[in-house]
Structures are given as C-alpha cells and as structure tokens.
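Here is the structure we will look at.
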Protein chains: 4
Amino acid sequence: MKRDKPKFKQIIEAAVVVIAENGYHQAQVSKIAKQAGVADGTIYLYFKNKEDILVSLFREKMGSFIEKIGQEIEGISSPSQKLYVLVEKHFQLLSADRHLAIVTQLELRQSNKELRLRINEVLKGYLRVVDQIVKEGIEKGEFRKDLDVRLARQMIFGTIDETVTTWVMNEQKYDLVALAKPVHELLTRGCSAS
Amino acid sequence: MKRDKPKFKQIIEAAVVVIAENGYHQAQVSKIAKQAGVADGTIYLYFKNKEDILVSLFREKMGSFIEKIGQEIEGISSPSQKLYVLVEKHFQLLSADRHLAIVTQLELRQSNKELRLRINEVLKGYLRVVDQIVKEGIEKGEFRKDLDVRLARQMIFGTIDETVTTWVMNEQKYDLVALAKPVHELLTRGCSAS
Amino acid sequence: MKRDKPKFKQIIEAAVVVIAENGYHQAQVSKIAKQAGVADGTIYLYFKNKEDILVSLFREKMGSFIEKIGQEIEGISSPSQKLYVLVEKHFQLLSADRHLAIVTQLELRQSNKELRLRINEVLKGYLRVVDQIVKEGIEKGEFRKDLDVRLARQMIFGTIDETVTTWVMNEQKYDLVALAKPVHELLTRGCSAS
Amino acid sequence: MKRDKPKFKQIIEAAVVVIAENGYHQAQVSKIAKQAGVADGTIYLYFKNKEDILVSLFREKMGSFIEKIGQEIEGISSPSQKLYVLVEKHFQLLSADRHLAIVTQLELRQSNKELRLRINEVLKGYLRVVDQIVKEGIEKGEFRKDLDVRLARQMIFGTIDETVTTWVMNEQKYDLVALAKPVHELLTRGCSAS
DNA sequence: CATGAATGAGATTTCATTCAT
DNA sequence: AATGAATGAAATCTCATTCAT
C-alpha cells in the first residue's frame, strides 16, 4: 500500500507547506519535492500526477478530520451538543494547523472544476455527518419537525465555512475557537423547536 | 469614461458567456475577443489586463446587484422583512441569469488569491447592506441584543452562498427562489429575539 | 491558406537544416525556431505540433519531388526510358539537396510508428507512379507479361532507396547520379521481356 | 563469457517480445526486465546499457541468421541457385518468427543514427555473403561480366528488404515464402548474362 | 480607434541508470 | 548475484500582452 509508506505522508506534508506559503499556482512539483527532501521523480512513484497529490492531500486531511470529529461526537446523546462539538472541533483543528487552513479555505479552491469535483466527493463524508446530526435532532424533538434537512445542512456548513474563511482572510488574527459558542447558538436557534 | 462606451459592456457580457461555457481556465482573452466580436488587441483599449476584465465584470454585475437589492428594501420598515426580500431578490437575480450564476459561484472562485481579494472588496458593499439590516434588527428589538453582528452576517451570507452554490452544482435543476422562505426562516430564527 | 505564407516554408526549410545537422532527436522546436528566425510560439501559428512540422516537411518536399518527376516522364513514350528518367531524377534531386537526403534517408526514419504511417501515405503517390510505369511496360510489351507489378515496384523502390541510403551513409562521397545508368540496367533487365 | 549465461538470452528474448508488442519507443528497460522475470538492475549485470541490449539482440539474431543461411548455401555450386536459397531462407526465417520480423523491419529502424550504424556493422556479415554470391556468379559466367558488385548487392538486399517490410506493414497477411521464386527471378534477370 | 501576427517565459513528467542492501 | 527505490535532466506547448500598420 503506497499510502502507508513514510514518503507518501512526507510529500503530502510538504505540499501543504509549499501551497500555503507560495500559493496554489506557485506550488510547482519541484518545490514540493525540494521541501519533502526527495527528487522530483520520486513524487511520481507515489502519486500519479500533480492533481493526485492535491486530491490525496485533501482526502488524507479531510479523512482524519472527519474521523476525529466522528469519534468526538460518538458518545454524545444530544444532537445540539453534537453540533457544538462539531463546530468547536472544526475550529480547533484548523486553528491548530494554520497551513492547512490556508490550503483548504483559499488555495485549493483555485483548482480547476474537475479537481474540485473530486474534492467535493471527499467533502460529502463531512456533509453526511452533519445531515445525520440534523436528522437525529428532528427525531429527538430538539429541532423543528418541519426543518428541511438539506437547507439546515447548507446553513450549518455555509456558516462554518464562511466563518473560517473570513478568519483566514483576516490572517487568523483573532481567536477562531472562541467563536464556536456564538456560532453554535446561531445555528441551533435556526434549527431548534419552540 | 471608458466604462460608458458600448464596447466596454460588450466585452464584459462576452466574458460572462465565455467563462460560463468554457470554464475559468479555458476562458482565454482571444476567446472573449472573438465572442465580443472585436480583435484581441481591442480588449486592451478598454481593460488594463485580463484580471481587470474579471474585476470589472464582478464590479459591474455585483454593483447593479447591490443597487437593485438596495432599492427593493428601501421602503420596508421591518428588518426581518428586509432580510426576506434580500434573500428572495438574491435568488431571483441569479435564477434569471444562469451564466452569471455559474461565473460567480463556481468559475471566478478559481481565480488567484490576489484577484479574489479585489473581488472581496466589491463584495463588501453587499456585506455592508447585510450588516445594516442586522444592526437595525437589533435596534428595533426584532433580533437579539447580544447578537454578534459579524457572526450574524457570516451566517447570513454563508448560508445564502452555500445554498446558491449547491443549486448551481446540481445544475440548477430545482427552483431556487422557492427556497427563499425556508432559508429566511432559518436565518431569522438564528437571529431573532424571543 | 497557412501553407502559402512565407513563414510556413521558412520554418520547413529551417527544420530540414536543423534535423540534417543535429539529428532527429536533437532537433528541438526551439532550435528550429532559432534557425527560422522566429519565436518558438510562432511555430505553433503555422503547425499544430512538432509532428505536424515533420509530416508537412515530408509532404511539401515529396510532393514537389513527385510533381517534378511526373512532369519529366510525361512526354516520354517508352516505359523503360521513363524508368530511366525516374531513377536519374531521383538521384539528381537528392544529390542537389544534401540536407534533404540526410533527412529523408536517415533521420525521418527514426520517427515513431504513427508518424511513419502518415509519411507512408505521402509515399504512396510515388509508388503509384512506379506502378503506372510497370503496367505500361507490360502493356507495351517492353516488360514481361507475367511480371508481378507489386514485386517489380518493390524491387524498383527497394533498389533505389537502398542505393541512396548507402550513398548517404558513405557521406555522399561518390557521384550518385552516375549510378543511374547501371541501376536502370539492373532494374530493366529484371523486368524486361526476352 | 556473459553471453553464454541463461539470463543473457532470456533478456534478449524478452526484449524482442516487448519491442514487438509495444513498439520501440514504448520498450522501457523496466518492461523488458519484467517480461524477463528479473529486476531492473539485473539487466545491467549483463548489458552495459539499453543500446547494448538492442545491438546484442540484433547481433545474436542476425548472427544465427547468417550462420543458418551460410550452412544452407554451402553445398550448392550454382550462384543463381545460392541466391534462390538465400532469398527463400531469409523469407522462411522471418515468416517463422513474427515478433522478430516486426522488430527488425519496423521497430529497430526507429533507433538513433549511432545505434543504426552499429547495427549496420552487424549487417555487413550478411552483405558479404551476398557479395560473395555475386562475385562467384560473375566468375562462373552466370552473371554479367560488367555487373557492378556493389550495385547488384544493393539491388538484392534492397529488394529483399523492401519485400519483407511491405509484408510486415501489411500485417503479414499473405504468404511471404511464396514470393521467393518471383523475387529470385527478378534478381537473377537483373544480374544474369545473356 | 482598431487590428492580429508575433512574442517568449515557464512547468510537468518520463525513464535510463545507480547503488545500498 | 540480485534487487528495486531513488535519481534528475530535459523539452513541448500555451497564452497574455505588445506594437507596427
């Protein structure tokens, strides 16, 4: 399995750093190779082409992202509380990795449509988690019965994403994690029964 | 003033069509010139460079967008109602111009960071309108006193934007305008006093 | 019509010189552009890609080659005499353009199978002329009635080609045209009646 | 002696198969190694470099080719009859090994000039056999006294080669060996006295 | 004002060969 | 003797921009 070898991760980490520091269009393969401490050609022993690096990057990072959030909310019974942990964890994980935040919020969005479609495939895993929380909330009576699950998900994801993007665009100069509580309040009020 | 001349608008309309139909990265200057019915060199009599076409495109379109929405909500007294009209108008205007929807939601986001920063400058006009509504809502007691204006704006814009993007990605195959009401409900519940 | 413009021929002439002097695999587009006195990009205004330069080169050169030979043998009534003029003209034309001789006999044969197939299409025009001479020879009783036209053509073309190739490989250091007579004698004896 | 070891021949056979099936330019060393069932590096224990594989391939195959033909014509006294056996044997050997026919007639000709020069060195053994037959033919009075040995050899080799190449290009879909008799007739008529 | 032919910088990817194990 | 992971040089083609007409 290629992706278990140390160089696979090594190259992905290098790609995150290079893209964050130079921007998507200035992230040449040779720069990534140099940052990873391997020869240009070595990249192609682990990745099919440049696009494959970027998709793998997103898949690896977002994969562990979804996994971590899944573990955190597993034991929680209240859907509203799950939503809180989701928001907080989302903010925490991106706060903890400034480079990754820049790459996912700004740089990777410059990729072409085909790449973005493949990235969206990965994102669907995240959106399914959100959908699940919303559905549970409706079932358990915490959220409105007439809540449209898809719209609720779009509000939740749209708000979180816009909040993180604004924070990154402001050069991460305020405390993102502190926004978890008020953002959560906005979201639950939008969804909640009563 | 360059931007009053007929060819200025002609080139911008051509750019919208070319980008919508070919995608951002396949929208070469020569294609735009051909679509506009002018020579390549003529473009540079009206625009400083390619980036300038795109920024102008966004400025022109978003400018009239903001203007129209401003006019619509002017006579309304209830902030919540203003928010409703904002959402509905936003959905209506993009529903009416499929090309523009594709360009603003998908294609222009592939531009580089610098261009996106300049586009965001234009967007600020829109965000100021939203901010204004939220502030009025708080003052008039329709929205919570402790509502964070910036977060509320991020929720409102993030939700609207995500909703439109999802609609465009689904090839505009359902009725976007019909979503104005439930989206508005989500947003006001998030903001409202009670 | 692209191929009537002076730069079209200019680039082809440059390609002949560069390939003859540097060899097929050392004939980079940039070298051809430099030799032609144009920018690299200009090449692509006249040719689809590098392969297109080579096919065009062969088509242009072989086309006028076939045309000239056709004109020379037109007024001649004796097929055997036609064959003589064909051989002599073939040797004369390649003797007169040392670079072209190197390119067609040695360098262009290193091209990949696809390119060679397209080159062979052009060659078919030449082979048709040979076939025609052989058929006439049989009809007029100069050549054997039981002569296999295809085999005769293969002998004629194979012998001429091998003779020229050997001459080029020996660095063109003897008089190729002087071989027209004995080569013609070999060929007609092979074909002739009696 | 490296070339007596089993892996030497094993790699050469693998090269013939790989080149015939993939074409000269798609015959990477790693593919040959895989086909031969050895590691890439092992190739370099038996061959100096890639070119050395190809030259060795040609030398081995053409060597046994010349040897077999030599044995066949040894006992024959008539030069014309020797020529017949040469042609027939040549056609038989290539008919019996389709892969080898493709490799020698089409693929190896795509090699660069330097490699082709080294291949020609090997070919000289074959050409010497032809020269010898022609000389004997002249001495014994079967061929013309004024026959130019070099030209006769070029006709003989050129005709045989062109005939085989045409047959390979036509995907070997007719009987090559059946052409031995008419081809021989063409050649002897070209050479013969009377 | 308008044209459009010409420019030329810049990056991905392949693959023969090496060498530590 | 055998392995195979790693190396790194090298070339085609695109397209925004210019400028002579």
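In what follows, chains are A, B, ... by sequence order, proteins preceding strands, each numbered from 1. Not measured: the values here are computed from a predicted model. No hydrogens, no waters, no symmetry mates; every other heavy atom, side chains included, goes into these values.
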Residues touching DNA chain F, which here means a heavy atom under 4.0 Å, drawn from residues 12-19 of chain B: none
For F:dA6, does either OP1 or OP2 sit under 4.0 Å from a side-chain N or O belonging to A:Tyr46? yes
A:Phe8 CZ - F:dA6 C1' separation (whole Å): 18 Å
Send over the distance from A:Ile43 CD1 to F:dT7 P, rounded to a whole Å. 10 Å
Rounding to a whole Å, what distance do you find between D:Ile32:CD1 and E:dA16:P? 8 Å
Which residues satisfy the side-chain hydrogen bond (donor to acceptor under 3.5 Å, both in side chains) test with A:Tyr24, sequence neighbours excluded? none
Taking salt bridge (Lys or Arg N to Asp or Glu O under 4.0 Å) as the definition, give me every residue that meets it alongside D:Asp161, ordered by chain and number, with sequence neighbours left out. D:Arg109
Ignoring hydrogens and geometry, is there a side-chain-to-backbone donor-acceptor pair from A:Thr42 to A:Val38 under 3.5 Å? no
Mapping D:Lys7 and A:Lys7 to their closest nucleotides on DNA chain F, which lands nearer the 5' end? D:Lys7
Rounded to whole Å, NZ of D:Lys31 lies from P of F:dG4 at a distance of 19 Å
Whether each nucleotide of nucleotides 10-19 of chain F has a protein heavy atom under 4.0 Å at its base (B), only at its sugar-phosphate (S) or at neither (-) is summarised, 5' to 3', as -SSBBSSBB-
Given Watson-Crick or G-U pairs with both distances under 3.5 Å, what dot-bracket string fits DNA chain F, with | for other-strand pairs and [ ] for crossing? .||||||||||||||||||||
For C:Ala101, what residues pass the side chain to side chain contact (heavy atoms under 4.5 Å, CB included) criterion, not counting sequence neighbours? C:Leu94, C:Trp167, C:Val168, C:Gln172
Only counting residues at least two apart or in another chain, list the ones meeting side-chain hydrogen bond (donor to acceptor under 3.5 Å, both in side chains) with B:Tyr126. B:His90
side-chain hydrogen bond (donor to acceptor under 3.5 Å, both in side chains) partners of B:His25, counting only residues at least two apart: B:Gln110
Between A:Tyr24 (OH) and E:dA11 (C1'), how many Å, whole number? 13 Å
By the salt bridge (Lys or Arg N to Asp or Glu O under 4.0 Å) test, which pairs, at least two apart or in different chains, include something from residues 13-26 of chain A? A:Glu13-A:Lys61
Any pair with a residue in residues 116-126 of chain D that passes salt bridge (Lys or Arg N to Asp or Glu O under 4.0 Å), sequence neighbours left out, goes on the list, sorted by first then second residue, please. D:Glu51-D:Arg118, D:Glu121-D:Lys124
Rounded to the Å, how far apart are D:Ile53 CD1 and E:dA16 P? 9 Å
Among residues two or more places apart or on two chains, list those pairs meeting salt bridge (Lys or Arg N to Asp or Glu O under 4.0 Å) that have a residue in residues 26-49 of chain B. none
Taking the side chain as everything from C-beta on, heavy atoms only, tell me whether D:Ser56 gets closer than 4.5 Å to D:Phe8. yes
Listed partners of B:Asn120 passing side chain to side chain contact (heavy atoms under 4.5 Å, CB included), at least two apart: A:Met169, B:Leu123
Just how far, in rounded Å, is C1' of E:dT12 from CG of A:Asp52? 14 Å
